[in-house]
Amino acid sequence: MGKRSIRENKNIYFESREEAGLTRAQASELIGTISESRLEKMETGKTAIYPEDVVDMAAAYKKPELCNYYCTHECRIGQESVPEVKAASLSEIVLGMLSALNSLDRQKDRLIDITADGEITEDELPDFVRIQEQLDQIDLTVESLKLWMASTIAEGKIDKKVLKEATDKYRTKK
């Protein structure tokens, strides 16, 4: 393992490489699509980072959350449409999901009333906004669960092949 940089204000890609215990040369070799000099420029903000670079770094560093970071911080489309997901434990994710689902369950009759006529009137708008916030919370917990799963696979705690077999078996039963 190489020496850690004493540079301050490291970007997330720089920090992720160091957390993986890789020098730039090792990372470049492991990634296979990014030269050592280009990696240095990306880590120091001297050149643009492209989505395919992030996907490759995320795989090499076993850090799938880099993709969400890129989408929510560096991509104009993602900044508008992708929720920022923070790493959480499985129990935190499940409890957050259940809480959001319970809240939405209590509001489902109101959602039916609001949307039944195909219009949302001014007096219905505050309730609709609250319901939409609950739906956003459910979306966020689903994305958190996906990130948790990707991280768990990257860490080798779940075998990707076994997961795919289980998924395929489940889908054929449906």
Side-chain angles (χ1 to χ4, degrees), residues 4 9-22 27 30-31 34 42-43 49-115 120 124-174:
R4 288 182 65 90
N9 299 324
K10 300 174 188 177
N11 70 19
I12 191 169
Y13 309 108
F14 195 134
E15 290 174 349
S16 296
R17 176 184 54 78
E18 285 193 333
E19 288 170 11
L22 300 169
L30 183 61
I31 293 168
I34 303 172
M42 289 189 301
E43 290 180 349
I49 298 175
Y50 299 107
E52 55 272 16
D53 298 328
V54 178
V55 170
D56 292 342
M57 285 188 282
Y61 304 158
K62 297 181 179 177
K63 198 157 182 158
E65 59 268 27
L66 286 177
C67 296
N68 180 262
Y69 175 86
Y70 177 84
C71 290
T72 58
H73 289 84
E74 299 181 28
C75 171
R76 284 181 59 196
I77 296 169
Q79 290 171 349
E80 296 288 323
S81 60
V82 175
E84 184 172 5
V85 179
K86 301 289 185 194
S89 70
L90 182 58
S91 60
E92 290 172 317
I93 295 166
V94 170
L95 289 173
M97 173 68 77
L98 291 173
S99 174
L101 287 170
N102 285 340
S103 180
L104 186 61
D105 189 50
R106 290 188 298 270
Q107 297 178 30
K108 71 180 176 188
D109 291 335
R110 181 64 179 139
L111 180 60
I112 292 168
D113 291 341
I114 292 170
T115 59
I120 300 173
E124 294 170 329
L125 200 53
D127 289 342
F128 185 78
V129 167
R130 279 192 291 280
I131 293 168
Q132 188 175 16
E133 287 295 319
Q134 289 302 314
L135 291 170
D136 288 344
Q137 185 60 39
I138 291 169
D139 181 43
L140 187 57
T141 58
V142 168
E143 292 303 317
S144 293
L145 185 58
K146 288 178 183 178
L147 178 60
W148 179 88
M149 188 62 133
S151 295
T152 303
I153 291 168
E155 293 167 3
K157 295 178 182 174
I158 292 179
D159 185 307
K160 191 173 186 174
K161 182 180 175 189
V162 173
L163 175 63
K164 181 174 177 3
E165 290 170 359
T167 301
D168 291 346
K169 186 177 179 180
Y170 172 76
R171 288 183 178 156
T172 57
K173 285 184 177 182
K174 284 173 55 174

Holding to side chain to side chain donor-acceptor pair (under 3.5 Å), I want the full list of residues that pass it with Glu165, two or more places apart in sequence or in another chain.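 Glu165 satisfies side chain to side chain donor-acceptor pair (under 3.5 Å) with no other residue.
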
Just jot down the side chain to side chain donor-acceptor pair (under 3.5 Å) partners of Ser89, sequence neighbours excluded, or say none.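 Once residues adjacent in sequence are excluded, the partners of Ser89 under the side chain to side chain donor-acceptor pair (under 3.5 Å) criterion are Ser91, Glu92.
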
Apply ring-ring contact (aromatic ring centres under 6.0 Å, His included) to Tyr69 and list each qualifying residue two or more places apart in sequence or on a separate chain.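 By the ring-ring contact (aromatic ring centres under 6.0 Å, His included) rule, Tyr69 matches His73.
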
Listed once per pair and sorted, the ring pair (Phe, Tyr, Trp, His ring centres under 6.0 Å) pairs that draw on residues 150-174, sequence neighbours left out: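 Matches after skipping sequence neighbours: none remain.
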
Do the side chains of Glu143 and Asn68 get nearer than 4.5 Å, heavy atoms only?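 They are not in contact (no side-chain heavy atoms under 4.5 Å apart), so the answer is no.
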
Between Glu65 and Val85, is any pair of side-chain heavy atoms under 4.5 Å apart?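 With C-beta onward as the side chain, the pair stays apart.
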
Can you pull out every side-chain hydrogen bond (donor to acceptor under 3.5 Å, both in side chains) where at least one residue sits in residues 131-141? Sequence neighbours excluded, please.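 Passing the test, one end in residues 131-141: Ser103-Gln134.
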
Does Arg17 qualify as a cation-pi partner of Tyr13, given the criterion of NZ or CZ under 6.0 Å from the six-membered ring centre and within 45 degrees of its axis?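 No - Arg17 does not lie over the ring of Tyr13 by the 6.0 Å and 45° rule.
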
Identify every side-chain donor-acceptor pair in residues 52-64 under 3.5 Å, counting partners at least two apart or on other chains, and give the distances.
unit_1	atom_1	unit_2	atom_2	d
Asp53	OD1	Arg38	NH1	3.2
Asp53	OD2	Arg38	NH1	3.0
Asp53	OD2	Arg38	NH2	3.1
Asp53	OD2	Tyr50	N	3.0
Asp56	OD2	Thr33	OG1	2.6
Lys63	NZ	Glu19	OE1	2.5

Test side chain to side chain contact (heavy atoms under 4.5 Å, CB included) applied to Met42 and Ile34, step by step: CA-CA 10 Å; Met42 289 189 301; Ile34 303 172; 3.4 Å; yes

For a quick test of reading the model, state the closest non-hydrogen atom pair linking Leu140 to Pro83 and the distance between them.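 Closest heavy-atom pair between Leu140 and Pro83: CD1-CB, 3.8 Å.
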
Taking every non-hydrogen atom, the tightest pair across Gln79 and Thr72: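 What the structure gives for the nearest pair is CG-O, 3.4 Å.
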
Taking Lys10 first and then Glu43, would you say they form a salt bridge - that is, a charged N and a carboxylate O separated by under 4.0 Å?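 Salt bridge absent between Lys10 and Glu43.
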
Rounded to the nearest 0.5 Å, what's the gap from CG on Asp113 to CG on Asp127? Could you check?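 Taking CG in Asp113 and CG in Asp127, the distance rounds to 9.5 Å.
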
